[in-house]
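Here the structure comes first, spelled out in structure tokens, and everything after it is commentary.
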Amino acid sequence: MSAAPAVASSIFPIILLVAVGASLLPLAGAAPPPDHAAPGVTLSVHQGQVVVDDGVGQVTLSKPNGHITAVRYNGEQNLLDYIRNDNSGGLDGTEFRMVSSSEEQVELSFRSAYNPSSPNNVRLNIDRRLVMLKGSSGFYCYAILEHAGGWPALSIAEARLAFKLNPAANLTDDQADRSNSLNLRLARFNYMAISYDIQRHRPSAADRDAPRAAPLAYKEAVLLVHPIEPQFKGEVDDKYEYSLDNKDNVVHGWISSRHPNPMGFWVITPSNEFKSGGPMKRELTSHVGPTSLTYWKKVLGPVFIYLNSNPRNGNLRALWDDAKAQAQAEAGKWPYSFPGSPDFAKAGDRGSVAGRLLVRDRYVTKDDVPAGTAFVGLATPGQPGSWATECKGYQFWTRATTSGRFTIGNVRAGAYHLYAWVPGFLGDYMYASPVTVTSGGDIDLGDLVFEPPRSGPTLWEIGVPDRTAAEFFVPDADPKYANKLYLNMDKYRQYGLWERYAELYPEGKDPVFTVGQSNHSKDWFFAHVTRQVGNGSIPTTWQIRFELGHVAADTELPCTHLTSAVEYAAFLLPDSNQCTFWPPVFLSFVMFKCIGHIVYAIYNFVNCNALVTEYQSPDHISVGSAPKKSSTSSRGRQRNFSSSTCKDFLRKFVDNELLTSSLEDWFSGHSEDCDFRKPAFDVPFDLTELQNFDYALEGVTFQQLVRMPNALYASTSDVFEATAYLALEDFLHAGIKGLWETFWGPDEAMPFSVACIHSTSSKFYPAERAISSGKLDGVCATAVLLKNLKHSQGRWDHIVVLALLRPDIGMVSAQGDQESSPAVLGEALFFALRVLLSRSLSRSSTVLRNSDCVYLLLVDSQFGGVVKVQGDLNKLDFDLNNVYDCAAEWIKKHAKISVSSIDRVWNKLGNANWGDIGTLQVLIALFHSMIQFYGEPKYSLDELATEHSSRLQSRRSERHLVDRQANGNGLFRFQQRSHSPEIVEVQEEAAVDLKPQETLKLEIGSVVLMDDAYSQKGFQINDILTDRDPPIYTSTPVEEPTKTYLLYVGSSPSHLEPAWEDMNSWYQVQRQTKVLTLMKQRGISSRYVPQMVSSGRVVHPGPCNKPNSSGSCGHPWCSTPILVTSPVGETISNLIRNGLFGVEEALRCCHDCLSALAAAASSGIRHGDIRPENVIRVSNGSRHPYFVLIGWGHAILEDRDRPVTNLFFSSTFALQEGKLCAASDAESLIYLLYFCCGGVCPELDSVESALQWRETSWSRRVIQQRLGDVSAVLKAFADYVDSLCGTPYPMDYDIWLKRLRRTINEDHGKEVDTSSS
């Protein structure tokens, strides 16, 4: 849509293709039963209506309005609600057109056009389409909205495709009249399904009306007090409890469970490209009425309305499974080829975009890491994160693999920005350049790097940055408002949880979170809600307490908060200082009616300053009381003065000499304000800070200056002034450029510029222009400015740092005073106050945050110094009749002034002394000023100093800052000689000669001691499960003799050789420990995956003299890794050997191993080594044994990982490419089942022979036939896996797990335990 400047605008919903509440027009004959289906699609056009019939179902539409008035199916005359009269909204079509009509397809168009002469006419052309295909058991709907460029603007609140289903079974008019109760009790569509877990019987629509229901906080929510069916009594019915994220909203609908032949009415959305808000946007699905709808704010489609019936044995779940399988099939057909509108892009009109996303977070690791499972999408060009609020264009999203690779297919031709966000990392990524997709074009963007926003290292973190609040505390619902479906899952969906907050945290007792002690899953409420007071509400104030260490009092610390809904105030109570955000920072926030919406977030960063005050014992600090020394808001520092007053003050505050005169007595010490003493100024930077800064700049080459100041001191020379200003500009530019490239990196454009300021006009321009125009006399200062496209000429509030070029700066150095003269210092204070006042008037939150601190540089042709002025302008008396005395009073009483020594910046030849203290002072002032306006750099001072460690150590040694002692971690050792402090290289000591020792072998009955870093544990060896590498033992803890575990023993690190390290037992034990730990961290809990009990190192006999925790003392057992897991079972190899692996075992093994693979795949982990020795059957004395997939020592976590090769069990892709595809583990599972079920074991002696056997066996269907002899479902599973082998398409684990469970239950009468799967 396009929009011109609006004369007037309107906001309205659009209802498309709606089932209306009106009496039906005369209908055509009912559709024949499915087993007598018509040969194709037929179209009947009547007066006022059209009927489309495919022999299975029939759809009737009003003509030309385009309302769907009837859907006939399964012997029912109309599945839609044609009795109720509450759903007639929408826009009527005025023009009917038959787009196509054949036995294969019928497409109809109902169009309405904008009429400018009609004042109430919607300013849109709307073309609503219905398509029915032969044999589809349903129909497709889509719409095209068009808004021409010359039309007035409009706002569309929502666009819907909604169906009101008929709640009643077939009743005669007499029956309906006699008993409304009977009508309700025979409700037809009464079972709702929107996901695998969210399925249930629902109350009738009449149950929502009084007196059967009581209204709650909003009209969509009611409490069922007297429902027709007692099972619903006491529950809340609220449609918002059944919303889903866009990414999960694929199929939902209703089932007529009481019908003799139960049937389903399903809405299938094969693509979300036309929906707004991205994959995490939460929308409605189905709710009581019953109603099914699709929801988007910019309409396209098509969506598929799917009808099914006749479930086997009346199993309603089978209807859902069939609908989900149909949804998967529809997604596979996308983009559809049948729509007749040229506005729908077919496959040939689309392209693809691929690449790899990496995360660069130098505070986490120095290496770029793959953005595994990142959400990557294409959307309308905008700003980072704008996809979440964009609604006019199309969006295309995918998930990156564990290696960060992504491919976005079926993208409509056009210009997009590529956006991404990575679970676990803050912020939004946006590719800088637009991505133009062409028809049939494939774009590979290569490696892309996302740098999460930071202000420094993470001090603490509450929760996980993944755009959900799932990890936080969600209370149990109030019993009187509980929805039984969500008692044990998705508790956040329950109604009224905001009221539970007030119960848990009464007034005056809002949450206090202590970092290091509190648990965010118990102590951090999942939504920041308000508190109801009377008829209104007030914000709630939450506290965060943490130890900060030792910080000087009255220090302000920059802090960055991430908020997803509403920002909170925080009292920060450290060990020796109290750090306070005051007053509380609140952001505007509208509480969605759907509490489920709150688990999805748009990132919003708020910066504020934390004021460190004198320490108080936490016992003496009361909630809600804090010093008012520092105030912040969502925009920055709050003002206690008006903008107009400040502007008037600035207009009168123009003469620096008058301010200096007002400060004269203070400077000389003749004033009572300073107790008749000269003011003593602190230095802005101590020597340690300057030294650390110097070390960080070690080896950094600043740009060579072309223009240098005149070395001769001639203050009266115009030539000197011109040369000096040019040289100062060059020096400042070289300084900020060198600092930017060193600390922020050279890849991004520098956001700063340098210009001179004219005293009378306050204009900014280069020195050359001032010289050429003869205005050099009017130049008062040189400024580093923050670039702003809207104000390219510069503004006072954009001044980052100000430099005053004055000819008498160096005189104090010559006199040995090392301090600035009162005249120069008075002028510096004048300009400092002008800059701070200008910043306080800025509309930029970045500038406002820095309206209390400014750096000024004082320079001449050789020397320079720094003045830092800091203070709260709220304490300035804005007396417009006495501006200079007011300014002087503020400077003397409320400003903190720091003045550096005056040191040489340029040498006598005019070259900058980049490494000397004078230049370092200027550079560090520039550095801090750049941080003020652009945030913390990518590379910290300490990080750069560490990277320059060898040079740093050399300089420290030269300056006698540290003792020259042995550097055990360095390449060379340092050795001090008595006659000179030089560093010499000494010969390395001879390495200890250790003879190869045998790998640790444990005997049955022996006890091995393990050190797990906390304690020593003993395990007695009971048996050897496998003697492969590494060996696996069954063991019993010495302290718990009733328990049994598996114990893995690796090799000692002293045995490792680089040529085969990645294949030895040490690696496998270490790798499996890492994988199981990772699973635990990611919340993978499945009975079919081993659980890590403990891990550590062998405690060997005798003394251990290893140099550090990661080293080895030379003993053959030293640092040998051990891993202990549960449960214990018998390997499939042993079962086959003993003839105990039959049909039931094959089905259960397939189900259980597939469950394990599904659980691991959910976190991007693949097994990579499925074979009979790595699957155990666990009995534990239970009636139903189960299988566990062990041996995760070769698991694949990233694309760069290489799987182990097994000629019998490795997948084809692993043998060919040396890596796994999505179906590789499933393919290995097929081979395992094939051989375990008696498949012929070939002689394989090479990869070529293994590949040849696989090709022959699959093509001749040898594997499928063998598994078909065991079970039809195993044969079907083998065919499914065969279709995916070598492709990037993901496995659909859910469907096959359900089919396997159903087969096991039906064929063998034994239930599959899925309680922990």
Side-chain angles (χ1 to χ4, degrees), residues 1-2 142 144-146 246-247 269-279 296 298-302 330-358 370-371 373-388 390-401 403-422 428-450 747 1199 1213 1217 1219 1221-1222 1284 1286-1290:
M1 296 183 296
S2 59
Y142 70 108
I144 304 119
L145 270 63
E146 180 183 11
N246 279 343
K247 62 181 174 60
T269 308
S271 171
N272 286 320
E273 67 182 44
F274 49 87
K275 293 185 179 180
S276 62
W296 62 94
K298 179 242 174 226
V299 181
L300 187 65
E330 295 296 324
K333 301 173 188 176
W334 190 270
Y336 291 135
S337 59
F338 60 78
S341 171
D343 296 301
F344 181 79
K346 310 296 194 302
D349 301 322
R350 299 175 180 241
S352 68
V353 176
R356 183 172 72 140
L357 184 63
L358 304 172
T373 70
F375 288 83
V376 187
L378 295 167
T380 301
Q383 299 298 319
S386 62
W387 52 267
E390 192 279 325
C391 60
K392 285 187 178 180
Y394 300 90
Q395 297 195 15
F396 305 87
W397 289 88
T398 190
R399 295 293 297 272
T401 65
S403 66
R405 289 289 306 176
F406 63 87
T407 299
I408 307 174
N410 295 321
V411 182
R412 294 173 60 103
Y416 304 90
H417 265 155
L418 185 133
Y419 304 92
W421 61 275
V422 187
D428 288 282
Y429 171 81
M430 185 184 79
Y431 186 57
S433 302
V435 178
T436 302
V437 179
T438 58
S439 299
D442 297 321
I443 300 173
D444 194 327
L445 298 175
D447 285 354
L448 311 176
V449 178
F450 167 46
D747 298 332
D1199 270 0
F1213 197 73
E1217 305 294 335
K1219 53 186 179 181
C1221 67
L1284 295 180
T1287 72
Y1289 301 116

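All figures in this text were calculated on a predicted structure; none of them were measured in a lab.
Minimum heavy-atom separation, Ala374 to Leu357: CB-CD2, 4.0 Å. Closest heavy-atom contact between Phe344 and Pro302: CE1-CD, 3.6 Å. When all heavy atoms of Leu358 and Pro370 are compared, the closest pair comes out as CD2-CA, 3.8 Å. Shown here for Thr380 and Gly393, the closest heavy-atom pair between the two residues is OG1-CA, 3.5 Å. Closest heavy-atom contact between Ser271 and Trp334: CB-CE2, 3.2 Å. Of all the heavy atoms in Ala415 and Pro381, the pair that sits closest is O-CD, 3.6 Å.
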Exercise for the section: Please report the C-alpha distance between Thr398 and Thr407 in whole Å, then the side-chain angles of each, then the deciding distance to 0.1 Å, and finally whether the side-chain contact (heavy atoms from CB on, under 4.5 Å) criterion is met. Expected result: CA-CA 7 Å; Thr398 190; Thr407 299; over 6 Å; no
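Taken to the nearest 0.5 Å, the CZ atom of Phe406 stands 10.5 Å off from the OG atom of Ser352. Expressed to the nearest 0.5 Å, how far CH2 of Trp397 lies from NZ of Lys275 amounts to 15.0 Å.
Residues Glu390 and His417 are not in side-chain contact: their nearest non-hydrogen atoms beyond the backbone lie 4.5 Å or more apart. At least one side-chain heavy atom of Pro339 sits under 4.5 Å from a side-chain heavy atom of Lys346. The side-chain heavy atoms of Val437 and Tyr416, taken from C-beta on, include a pair separated by under 4.5 Å. Within the 4.5 Å cutoff, the side chain of Tyr419 has no heavy atoms near those of the Phe375 side chain. Between Thr269 and Phe274 there is a side-chain heavy-atom pair separated by less than 4.5 Å. Between Gln395 and Trp387 the shortest side-chain heavy-atom distance falls below 4.5 Å.
With a 6.0 Å radius and a threshold of 12 heavy atoms from other residues, nucleotides or ligands, Lys1219 has its NZ atom at or below the threshold.
For the pair Asp444 and Arg405, the salt-bridge criterion is met [side-chain N within less than 4.0 Å of a carboxylate O].
Looking at Leu418, Ile408, Asn410, Asn272 one by one, the single match for side-chain contact (heavy atoms from CB on, under 4.5 Å) with Phe396 turns out to be Ile408.
Of the possible polar contacts, none joining the Arg356 side chain to the Asp447 backbone as a donor-acceptor pair under 3.5 Å is found.
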